[in-house]
J.: 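Before I ask anything, here is the structure I am working with.
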Amino acid sequence: MNIILTGYRCTGKTSTGRRLSARLGRPLFDTDDLILHRTGRTVEEIVAAGGWPAFRDAERAVIRNLSLLDGGIIATGGGALLDPRNVEYLRNNGLFIWLVADAATIAGRLEKDQASGNRRPSLSGKPVEQEVQEILAQREPIYRGIADLTIDTASRGVEEVTTAICRRLPAQAPRAEWNAHRKEG
């Protein structure tokens, strides 16, 4: 069974994935990193050349391949699960952990992230905080409907988020038992 980390940008999917990988001894697969490796282009370069649809096509191909693996930790891009095919691919052998944060926290992290040079292209061309609020409003119902477990990352560091996940991961539990643990943490 794969552990799939999902959620909006800058909610800690990659950082938490790294920590979970070290703690659980499972390999980490970051979809954005795999897209870069496969295409030789960053998210920003793919979007600039072919728009978001070109990026989503590359993302879907990577996710389809990852869905065939077992025992990994998969950190998805923030919009990966908007495509029902990606959800279907991953659902067959995965437990979805939704990492959440409020819009103000995400906007602050995005601005800090962009200032450090780790560029994330705008989804709408609007100011960061406005974009985050609007996109979150659209995506939250999708994330919520997919999530097996929800962890709020707004006021927690990576180690705290990782510990919260590990405490709530049932050891090799079937999906029915996992779903009993879905309350927000």
Side-chain angles (χ1 to χ4, degrees), residues 2-21 26-69 72-91 94 96-143 146-147 151 153-154 158 161:
N2 294 311
I3 296 170
I4 300 151
L5 301 174
T6 192
Y8 197 74
R9 300 169 170 197
C10 288
T11 54
K13 299 179 300 285
T14 300
S15 299
T16 300
R18 286 184 190 123
R19 193 77 83 201
L20 276 172
S21 175
R26 291 176 171 224
L28 171 64
F29 304 97
D30 183 288
T31 59
D32 287 349
D33 289 347
L34 291 171
I35 291 165
L36 172 64
H37 178 73
R38 184 177 188 183
T39 66
R41 296 184 296 167
T42 65
V43 174
E44 185 176 28
E45 291 167 339
I46 294 169
V47 171
W52 282 104
F55 173 75
R56 295 296 178 211
D57 288 344
E59 183 176 58
R60 188 177 321 101
V62 164
I63 288 174
R64 185 175 45 245
N65 289 335
L66 288 174
S67 72
L68 302 173
L69 303 175
I73 297 167
I74 300 170
T76 66
L81 302 184
L82 300 176
D83 184 334
R85 292 170 287 190
N86 290 339
V87 175
E88 184 180 328
Y89 296 146
L90 295 170
R91 175 64 72 197
F96 290 91
I97 300 175
W98 176 29
L99 302 183
V100 301
D102 59 90
T105 298
I106 292 169
R109 289 175 181 171
L110 267 170
E111 288 173 351
K112 182 179 177 185
D113 191 42
Q114 288 180 1
S116 70
N118 188 4
R119 183 92 174 108
R120 297 171 192 255
S122 173
L123 297 170
S124 67
K126 295 179 180 177
V128 173
E129 196 157 347
Q130 181 182 355
E131 176 178 283
V132 170
Q133 288 173 348
E134 290 176 7
I135 302 294
L136 269 180
Q138 294 168 7
R139 291 184 181 178
E140 280 186 352
I142 295 166
Y143 294 143
I146 293 167
I151 302 290
T153 68
V158 175
V161 171

J.: Specify the closest pair of heavy atoms between P84 and L82, including all atoms of both residues, with the distance to one decimal.
T.: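 Minimum heavy-atom contact is CD-O, 3.3 Å.
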J.: Donor-acceptor pair, R139 side chain versus G78 backbone, under 3.5 Å?
T.: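 Yes.
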J.: Is D32 reaching over with its side chain to a backbone N or O of G77, donor-acceptor style, under 3.5 angstrom?
T.: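 No, the answer is negative, given that no donor and acceptor are paired below the 3.5 Å cut-off.
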J.: So, are R91 and E88 salt-bridged, with charged N and O less than 4.0 Å apart?
T.: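 E88 and R91: not salt-bridged.
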J.: Are the side chain of K13 and the backbone N or O of Y8 linked by a donor-acceptor pair below 3.5 Å?
T.: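 Yes, K13 side chain to Y8 backbone: donor-acceptor pair under 3.5 Å.
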J.: Using the side-chain contact (heavy atoms from CB on, under 4.5 Å) criterion, which residues pair with I46? Sequence neighbours excluded.
T.: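 For I46 the side-chain contact (heavy atoms from CB on, under 4.5 Å) partners, ignoring immediate neighbours, are I35, T39, R41, A54, F55.
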J.: Let me see the working for L81 and L90 under side chain to side chain contact (heavy atoms under 4.5 Å, CB included), right down to the final yes or no.
T.: CA-CA 9 Å; L81 302 184; L90 295 170; 4.0 Å; yes
J.: Can you tell me how far NZ of K112 sits from CZ of R109, rounded to the nearest 0.5 angstrom?
T.: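 Reported value, rounded in 0.5 Å steps: 9.5 Å.
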J.: If we ignore hydrogens and angles and just use 3.5 Å, is the side chain of D30 paired with the main-chain N or O of T14 as donor and acceptor?
T.: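 No: the side chain of D30 does not pair with the backbone of T14.
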J.: Listed by chain and number, what are the ring pair (Phe, Tyr, Trp, His ring centres under 6.0 Å) partners of Y143, not counting sequence neighbours?
T.: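 Once residues adjacent in sequence are excluded, the partners of Y143 under the ring pair (Phe, Tyr, Trp, His ring centres under 6.0 Å) criterion are W98.
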J.: How about L28 and R18: do any of their side-chain heavy atoms sit closer than 4.5 Å?
T.: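 Yes - at least one pair of side-chain heavy atoms lies under 4.5 Å apart.
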J.: Applying side-chain contact (heavy atoms from CB on, under 4.5 Å), name anything that partners A48, two or more places apart in sequence or on another chain.
T.: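 Partners of A48 by the side-chain contact (heavy atoms from CB on, under 4.5 Å) criterion come out as none, since no residue qualifies.
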J.: Begin with the C-alpha distance, continue with both residues' side-chain angles, and end with the deciding distance and a verdict on side chain to side chain contact (heavy atoms under 4.5 Å, CB included) for F29 and N2.
T.: CA-CA 10 Å; F29 304 97; N2 294 311; 6.0 Å; no
J.: Run the side chain to side chain contact (heavy atoms under 4.5 Å, CB included) check on D83 and R56 step by step: do they pass?
T.: CA-CA 8 Å; D83 184 334; R56 295 296 178 211; 5.9 Å; no
J.: To the nearest 0.5 Å, how far apart are OG1 in T31 and CG in L5?
T.: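 Atom-to-atom, T31:OG1 and L5:CG are 10.5 Å apart.
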J.: Could you tell me if the side chain of R38 sits less than 4.5 Å from the side chain of V62, heavy atoms only?
T.: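 Heavy-atom side-chain distance check passes, below 4.5 Å.
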J.: Using the test side-chain hydrogen bond (donor to acceptor under 3.5 Å, both in side chains), find all partners of D57 that sit at least two apart in sequence or belong to another chain.
T.: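 Result, side-chain hydrogen bond (donor to acceptor under 3.5 Å, both in side chains) vs D57: R60.
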J.: What's the separation between atom CG in N86 and atom OG in S67, rounded to the nearest 0.5 Å?
T.: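 So the gap between those two atoms works out to 9.0 Å.
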J.: I need the I63 CD1 to T76 OG1 distance, nearest 0.5 Å.
T.: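 If I round to the nearest 0.5 Å, the distance is 6.5 Å.
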J.: For S15, give me all partners under side-chain hydrogen bond (donor to acceptor under 3.5 Å, both in side chains), at least two apart in sequence or on another chain.
T.: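 By the side-chain hydrogen bond (donor to acceptor under 3.5 Å, both in side chains) rule, S15 matches no residue at all.
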J.: At their closest point, which heavy atom of E45 faces which heavy atom of G40, and how far apart are they?
T.: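 Looking at all heavy atoms of both residues, the closest pair is OE1-O, 4.2 Å.
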J.: Any heavy-atom pair between the side chains of T11 and I106 that's under 4.5 Å?
T.: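 With C-beta onward as the side chain, the pair touches.
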J.: Just by distance, do the side chain of T153 and the backbone of L99 share a donor-acceptor pair under 3.5 Å?
T.: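 Answer holds: no.
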J.: Could you grab the distance from atom CD1 of I73 to atom OG of S21, nearest 0.5 Å is fine?
T.: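 Spacing of CD1 (I73) from OG (S21) equals 5.0 Å.
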J.: For the side chain of T6 and the backbone of A75, is there at least one donor-acceptor N/O pair under 3.5 Å apart?
T.: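 No, T6 side chain to A75 backbone: no donor-acceptor pair under 3.5 Å.
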J.: Return yes if some donor-acceptor pair links the side-chain N/O of R19 with the main-chain N/O of V158 below 3.5 Å, else return no.
T.: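 A pair under 3.5 Å: no.
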J.: Any chance you could measure I146, atom CD1, to I4, atom CD1, to the nearest 0.5 Å?
T.: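 Nearest 0.5 Å value for the CD1-CD1 distance: 9.5 Å.
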J.: With side chain to side chain contact (heavy atoms under 4.5 Å, CB included) as the criterion, how do W52 and V43 come out once you've worked through the C-alpha distance, each side chain's angles and the decisive distance to 0.1 Å?
T.: CA-CA 9 Å; W52 282 104; V43 174; 4.1 Å; yes
J.: Could you tell me which residues satisfy side-chain contact (heavy atoms from CB on, under 4.5 Å) with D102, sequence neighbours excluded, listed by chain and number?
T.: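 Counting only residues at least two positions away or on another chain, D102 forms a side-chain contact (heavy atoms from CB on, under 4.5 Å) with A104, T105, A154.
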